[in-house]
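Written below as structure tokens is the structure these notes are about.
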Amino acid sequence: MRKVLPLKFFNRPTLAIARDLLGKFLVCKTHDEKFAVMITEVEAYDGPHDKASHAHRGRTKRNEIMFGEAGRWYVYLIYGMYSMLNIVTGPKDYPAAVLIRGGIVTEGGKWKVKDGKIILNGPGKLTQFLKIDNTLGERRAEKKSGCWIENRGVKIKKSDIKKSPRIGVEYAKEWAEKPYRFYIDH
DNA sequence: AGATTGATCCAT
DNA sequence: TGGATCAATCTG
């Protein structure tokens, strides 16, 4: 079973989407290579009041895509060297997105192997592996854009989903403590 | 704990 | 226009 998630999948509450993305497959065709990664770690950035979100200080040229239609990629550069891959969620004009932070490679490429699995633990490593940069930004998560998400029938038990505060957002005060990071063990 | 690295944003 | 900031990663 390989079903490409329709764009309407992303026009739902952001926290639910974040949880539902665990066990789904991020598939990319870039530079004549095909990669597939089972998503194991995500973070939600939900709404204009989320102080950890780029949208918290209002609409700018950079974060405008977060206010746009659901199912588009939001890619940006951090610390001058790492691209972060997010998928825009929720209705138009409501700024929200899910950051894809980690996964297990099932097709393509070569990387560090741990316990027989190729682990991408960290959002910068994931985009490096998939050769994603901001040229993907603002495109839709569908086949013709080169990157999309599939349901391949993997079931994740609700009891296997772990939560924690988000990484690297200590500045966000009370929002930094919210359990908006979801992950499953490798 | 410190260096890396550059786009973005806002105050000077 | 300049400088502070930053959803990270590596090395030690």
Side-chain angles (χ1 to χ4, degrees), chain A residues 10 12-22 24 26 28 30 35 37-68 70-90 94-105 109-115 117-139 141 147 149 161-184 186:
Chain A
F10 302 101
R12 298 187 296 132
T14 303
L15 293 176
I17 294 167
R19 285 188 293 261
D20 290 348
L21 283 178
L22 296 174
K24 300 296 188 292
L26 172 63
C28 288
T30 51
F35 303 95
V37 173
M38 191 183 83
I39 298 168
T40 59
E41 180 183 348
V42 297
E43 283 178 2
Y45 290 83
D46 190 23
H49 303 297
D50 182 350
K51 286 187 185 161
S53 168
H54 290 161
H56 173 239
R57 291 172 182 269
R59 202 185 283 238
T60 68
K61 188 174 182 186
R62 178 217 211 184
N63 65 25
E64 188 175 349
I65 186 66
M66 291 185 74
F67 294 81
R72 287 181 184 259
W73 296 114
Y74 171 36
V75 184
Y76 67 93
L77 194 67
I78 193 67
Y79 301 119
M81 38 181 117
Y82 299 110
S83 291
M84 304 284 102
L85 177 64
N86 303 251
I87 183 89
V88 174
T89 60
Y94 181 83
V98 173
L99 168 65
I100 300 177
R101 291 188 55 91
I104 300 174
V105 177
K110 291 191 178 76
W111 204 254
K112 183 166 53 183
V113 175
K114 181 187 169 192
D115 296 335
K117 297 174 183 172
I118 304 173
I119 304 291
L120 300 173
N121 55 330
K125 294 187 209 173
L126 184 123
T127 53
Q128 241 177 47
F129 183 83
L130 297 170
K131 298 180 181 172
I132 288 173
D133 58 28
N134 60 3
T135 58
L136 181 66
E138 305 189 17
R139 307 180 73 124
C147 267
I149 300 179
I161 297 179
K162 308 193 176 189
K163 304 177 198 182
S164 86
R166 292 170 290 186
I167 306 296
V169 297
E170 291 76 12
Y171 59 86
K173 303 273 181 98
E174 70 273 16
W175 286 85
E177 300 164 13
K178 291 189 181 293
Y180 280 10
R181 171 171 174 255
F182 303 94
Y183 61 99
I184 53 180
H186 300 129

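Atom set for the values below is all heavy atoms of this structure, side chains included, hydrogens, waters and symmetry mates excluded. All chains are named by letter (A, B, ...) in the order of the sequence lines, taking the proteins before the strands, and each is independently numbered beginning at 1.
At a threshold of 4.0 angstrom between heavy atoms, the contacts of R166(A) with the nucleic acid are absent. As judged by a 4.0 angstrom heavy-atom cut-off over every strand, I167(A) is placed among residues touching the sugar-phosphate backbone only.
Stacking of the aromatic ring of Y76(A) onto the base of dA7(B) is not found under the criterion of centres within 5.5 Å and planes under 30°.
For K51(A), the NZ atom is densely surrounded, since the number of other residues' heavy atoms within 6.0 Å is greater than 12. Heavy-atom neighbours of R12(A) CZ from other residues, nucleotides or ligands within 6.0 Å: above the threshold of 12.
Summarising the geometry of H56(A) relative to D50(A), their closest heavy-atom pair is CB-O, 3.2 Å, with the distance given to 0.1 Å.
With M38(A) as the fixed residue, the side-chain contact (heavy atoms from CB on, under 4.5 Å) test singles out one of L120(A), L26(A), I184(A): I184(A).
dA7(C) is unpaired under the criterion used here, namely a Watson-Crick or G-U wobble arrangement in which both key atom distances are under 3.5 Å. dT5(B): no Watson-Crick or G-U partner with both key distances under 3.5 Å is found in any strand.
Spacing between atom CZ of R181(A) and atom P of dA8(C) amounts to 10 Å, rounded to whole angstrom units. If you measure from atom CD1 of I78(A) to atom P of dT5(B), you get 16 Å, rounded to the nearest angstrom. At whole-Å resolution of the value, CG in D133(A) and C1' in dT5(B) are 16 Å apart. In this structure, CZ of R62(A) is placed 7 Å from P of dA7(C), rounded to the nearest angstrom.
In this model, the phosphate group of dA8(C) is approached by a side-chain N or O of R101(A) to a distance below 4.0 Å at OP1 or OP2. Phosphate proximity of dA7(C) to Y171(A): present, with a side-chain N or O under 4.0 Å from OP1 or OP2. One finds a side-chain N or O of K125(A) lying less than 4.0 angstrom from the OP1 or OP2 phosphate oxygen of dC10(C).
Nearest to the side-chain atoms of M66(A) among the listed nucleotides dT9(C), dC9(B), dA7(C) stands dA7(C). Of all nucleotides listed (dT4(B), dG6(B), dA7(C)), dG6(B) comes nearest to the side chain of L77(A). Of the candidate nucleotides dA7(C), dT4(B), dT9(C), dT4(B) has the atom lying nearest to any side-chain atom of M81(A). Counting only heavy atoms from C-beta on, R57(A) has its side chain closest to dC10(B) among dT8(B), dA8(C), dC10(B).
Residues N134(A) and Y82(A) each lie close to DNA chain B; by heavy-atom proximity, the contact nearer the 5' end of the strand is made by Y82(A).
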Working for side chain to side chain contact (heavy atoms under 4.5 Å, CB included), residues V169(A) and W175(A): CA-CA 8 Å; V169(A) 297; W175(A) 286 85; over 6 Å; no
